[in-house]
Chemist: 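Encoded as structure tokens, here's the structure I'll be asking about.
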Amino acid sequence: MTVITERFPSHLTNKTPHTAGCHIVRMRLYPRVLAPGTALFCLWAAPVYAPALAETAPNAAYLHLPHTPPATEQGTAAPLTPEQRTGSRIITAPPRSTTQQKPGFWDNTRLLPPLTSRPEAYGQPQALELNPLPTALLHQGPWGVFNTNTGAAAGFGTVGYYAVSRWAEDWSSLRDKRNRLDAMDALKYIPFNTAGDIYLTLSGNFRQHNFYDQRAGFGATKKDPAYRNNFRWNLGGDLHLGEHVRLYGELMSGQAGGVNYYGYAGGRWRSKLDAQQAFVEVRGKVLGATVGGMAGRMTFLDAPPYFTAGSVYPSIPFSWNGLRGYAFWKNFRIDGFYLTLTNNAPATAFHDQVGWNSRLFGAYTSYAVPSFKFMGRNSQIFVDTFYLGVLLSNSALPTMAGGSIAGSTHRDTPGMRIWGNAGPLEFSIGGMWQGGEFRAAKSGPTRPVSAYSINATLSWRFAKWFGHPAIGVQVDDVSGGNMNKSQHSTWGSFLSPFVPSAYYLDMSTYLGQSNLIDVGPIATIAPTSNTTLLLKVPAVWRNSREDAIYASGTAFYGYRPHGAYTATIPQASFTWRATRHITLGIDGEYIFASRSMINAGASSGAFVQSNLELTF
């Protein structure tokens with residue numbers, strides 16, 4: 001049974017019962033509409049009103065159906081013939097209406113992909129797209145139930161029409177030319193043998209970000225105001241050598257500039273052309289599971305977005321070097337990895353290095369609870385358990401005087417996350433404990449670590465309201481340390497060194513996921529079929545008054561306020577998927593610093609960011 005959800009053509013959104021099931025129908029189209037000769041056509045069923053069928057995320061893509069049966073004078077769909085009620089088999093479409101208008105460039109016959117394909121949006125509260133989207137919009141691997149939520153549950157980032165990690169896309173469906181609907185499809189499947197299992201997929205992206213910081217970092221940077229911009233482009237090639245082996249390579253280059261800018265050191269904002277990814281993957285069937293192994297340089301996103309989301313703000317996101325192995329069964333998957341962070345600092349092209357100073361290793365498992373119905377809605381819950389190990393050769397601790405203690409750290413982080421939806425309730429609840437040790441430089445004292453992080457979002461999806469909004473609350477409790485204790489005492493500040501999603505807590509990234517408590521309302525809404533709006537207003541406190549305020553997992557401010565309350569940060573993010581290749585967005589927030597912060601030297605200020613992405 002194929003269900004195409006979200007929005008419906010105007011003649012189907014009248015509160016009129018519809019009949020029969022949802023079928024796939026072949027019909028003749030003009031070549032300008034879709035691929036020559038075929039299209040998808042859905043006939044709705046059940047004595048319910050059309051708005052009640054919108055069970056999926058407001059970001060979900062859908063088909064604007066230009067070839068529905070001729071409408072009656074009352075605006076309802078014409079009755080179906082007995083042959084059209086025979087199930088989900090392919091059937092002949094009814095005669096084409098002579099009164100239909102030709103589709104325009106911006107309308108929805110262009111099969112817009114889910115907005116969750118946007119990499120920056122990866123950490124947004126992702127409402128589940130539980131009903132299957134049209135196959136033309138999905139290029140996911142053979143991951144079954146883990147393709148839920150635009151593929152985020154599979155551990156490779158979101159995978160819709162495009163993916164966060166482009167190697168996670170599967171374009172093999174283009175072997176059948178009837179599945180081709182875009183001029184760029186000629187580059188997505190280039191076969192080299194008659195069987196079609198040796199083929200090349202090309203991908204590319206250009207992205208530009210513009211930033212305005214009125215008082216960057218609570219005024220700590222002394223750049224008032226700062227105008228920054230950066231752009232990057234990348235080109236990838238995915239060569240499949242039969243069913244079991246594939247090679248992936250990706251080149252990337254990035255630049256940055258602006259007026260009164262700051263923070264461009266380190267090689268991830270300005271980087272000459274280099275290999276961002278290059279790995280070999282072997283995949284097959286073992287003990288009833290799809291099993292694979294990857295070796296080389298790659299992106300990694302198999303962690304909660306509040307721990308890491310790839311660090312998308314700099315021109316060059318994180319890439320890792322090492323080994324990764326995975327296995328997928330019907331309702332259970334496991335992923336093991338040992339990775340070192342790529343060193344982007346060399347200024348010469350093709351000189352990036354396998355960096356040994358920062359390492360991430362561990363295992364991630366996910367169990368998909370059998371799908372169920374609750375309050376008439378499809379429901380899916382995932383139970384994730386994981387261990388994340390971190391080694392950092394350069395990691396400092398703050399001091400009360402505003403300075404730091406240099407050193408290195410080893411962190412062991414077991415955790416659990418339960419997330420998904422039960423009817424209209426969409427949620428993510430996770431907890432992590434962190435052990436390990438901090439070793440001061442120059443043979444200084446070693447301190448044990450005991451820290452924790454609790455992260456939760458809960459929203460209620462109002463599927464019948466305009467825009468199908470999800471309205472809820474976000475709460476985080478992340479432990480802090482105590483700078484007043486001796487240098488031999490246990491350190492209690494939680495460390496998230498690899499940049500949580502900017503869209504999880506703070507779009508400006510002025511605040512890191514260490515030593516904080518935050519609570520605030522959150523809402524997502526789709527004003528139109530190809531736009532989405534995220535609204536949130538977190539109020540933030542320090543978990544421990546004896547610890548610093550962190551800008552990231554490994555950087556902290558020199559401010560030492562007396563009070564715990566830090567700031568309130570109203571923020572909004574608007575994204576427009578203009579076409580499947582063009583995405584635009586604008587994000588903004590205002591940081592209302594607390595009186596205690598201002599007395600300590602901090603400032604309030606605005607942050608605005610615009611985004612442009614061109615993708616194929």
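For the numbers below, each heavy atom of this structure counts, side chains included, while hydrogens, waters and symmetry mates do not. Residues take their numbers from the sequence shown, with the count starting at 1. Because the structure is a prediction, the values reported are computed rather than measured.
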Chemist: How about Y212 and Y227: are their ring centres within less than 6.0 Å of each other?
Modeler: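 Ring centroids of Y212 and Y227 are less than 6.0 Å from each other.
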Chemist: Would the distance check show the side chain of R560 and the main-chain N or O of T399 forming a donor-acceptor pair, the cut-off being under 3.5 Å?
Modeler: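 Between the backbone of T399 and the side chain of R560 there is a qualifying donor-acceptor contact (under 3.5 Å).
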Chemist: Give a yes or no on whether R439 atom CZ has more than 12 heavy-atom contacts from other residues, nucleotides or ligands under 6.0 Å away.
Modeler: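 Atom CZ in R439 is not crowded, with 12 or fewer foreign heavy atoms closer than 6.0 Å.
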Chemist: Please answer whether the main-chain N or O of A502 pairs with a side-chain N or O of T509 as donor and acceptor at a distance below 3.5 Å.
Modeler: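 Flag not set: sc T509 to bb A502 has no pair under 3.5 Å.
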Chemist: State, with a plain yes or no, whether a side-chain heavy atom of L535 is found less than 4.5 Å away from one of I522.
Modeler: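 No, their side chains stay 4.5 Å or more apart.
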Chemist: Tell me, do L516 and L505 make a side-chain contact under 4.5 Å, heavy atoms counted?
Modeler: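 Counting from C-beta outward, L516 and L505 do come under 4.5 Å.
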Chemist: Verify side-chain contact (heavy atoms from CB on, under 4.5 Å) between D384 and I418, making sure each step is shown before the conclusion.
Modeler: CA-CA 6 Å; D384 299 352; I418 303 174; over 6 Å; no
Chemist: Flag the pair W433 / Y452 as yes when their ring centroid distance falls below 6.0 Å, and as no otherwise.
Modeler: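 Between Y452 and W433, which both carry aromatic rings, the centre distance is not below 6.0 Å.
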Chemist: With a 4.0 Å cut-off, would you call D213 and R228 a salt bridge?
Modeler: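 Salt bridge: yes.
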Chemist: Is the W320 to F498 ring centre distance short of 6.0 Å?
Modeler: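 Yes, they do, as the ring centres are separated by less than 6.0 Å.
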Chemist: Determine the sole option in S393, S408, S395 for which the side-chain contact (heavy atoms from CB on, under 4.5 Å) test with N357 is passed.
Modeler: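 In the set S393, S408, S395, the residue that makes a side-chain contact (heavy atoms from CB on, under 4.5 Å) with N357 is S393.
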Chemist: Assess whether side-chain contact (heavy atoms from CB on, under 4.5 Å) is satisfied between D476 and I517, documenting all intermediate values.
Modeler: CA-CA 5 Å; D476 299 280; I517 296 173; over 6 Å; no
Chemist: Do F592 and Y590 have their ring centres less than 6.0 Å from each other?
Modeler: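 Yes, ring centres under 6.0 Å apart.
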Chemist: How about Y557 and F218: are their ring centres within less than 6.0 Å of each other?
Modeler: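 Yes, the ring of Y557 comes within the 6.0 Å limit of the ring of F218, centre to centre.
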Chemist: With a cut-off of 6.0 Å (strictly less than), are more than 12 heavy atoms of other residues, nucleotides or ligands near CG of N394?
Modeler: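 12 or below, so no.
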Chemist: Measuring only between side-chain heavy atoms, which start at C-beta, is W356 closer than 4.5 Å to L341?
Modeler: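 They are not in side-chain contact.
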Chemist: Step through it carefully: locate the ring centre of W143, locate the ring centre of F156, and say whether they are under 6.0 Å apart.
Modeler: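 Ring centroids of W143 and F156 are less than 6.0 Å from each other.
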Chemist: Take F337 and F300 through the test ring-ring contact (aromatic ring centres under 6.0 Å, His included) and record every step on the way to the result.
Modeler: CA-CA 9 Å; F337 45 90; F300 181 81; 4.5 Å; yes
Chemist: Is R542 salt-bridged to D547, going by a charged N under 4.0 Å from an acidic O?
Modeler: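 Salt bridge flag = no for D547 with R542.
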Chemist: Test side chain to side chain donor-acceptor pair (under 3.5 Å) on N331 and Y367 and set out the steps.
Modeler: CA-CA 6 Å; N331 285 78; Y367 171 69; 5.4 Å; no
Chemist: Compare all side-chain heavy atoms of T528 with those of R577 and state whether any distance is below 4.5 angstrom.
Modeler: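 Counting from C-beta outward, T528 and R577 never come under 4.5 Å.
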Chemist: Run the side-chain contact (heavy atoms from CB on, under 4.5 Å) test on S604 and I598 for me, step by step, so that the C-alpha distance in whole Å, both residues' side-chain angles and the decisive distance to 0.1 Å come before the verdict.
Modeler: CA-CA 8 Å; S604 300; I598 292 174; 4.3 Å; yes
Chemist: Quick check against the 3.5 Å criterion: does Q474 have a side-chain atom that pairs as donor or acceptor with the backbone of L458?
Modeler: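 Pair absent, no side-chain N/O of Q474 close to backbone of L458.
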Chemist: Is a side-chain N or O of Q276 found less than 3.5 angstrom from the main chain of P317, in a donor-acceptor match?
Modeler: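 A pair under 3.5 Å: yes.
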Chemist: Would Y261 and F211 count as a close aromatic pair, with their ring centres under 6.0 Å?
Modeler: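 No - the distance between ring centres of Y261 and F211 does not fall below the 6.0 Å cut-off.
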Chemist: Before you tell me yes or no, could you show the steps for S315 and R207 under side chain to side chain donor-acceptor pair (under 3.5 Å), namely the whole-Å CA-CA distance, both residues' side-chain angles and the distance that decides it to 0.1 Å?
Modeler: CA-CA 9 Å; S315 309; R207 189 200 73 174; 5.4 Å; no
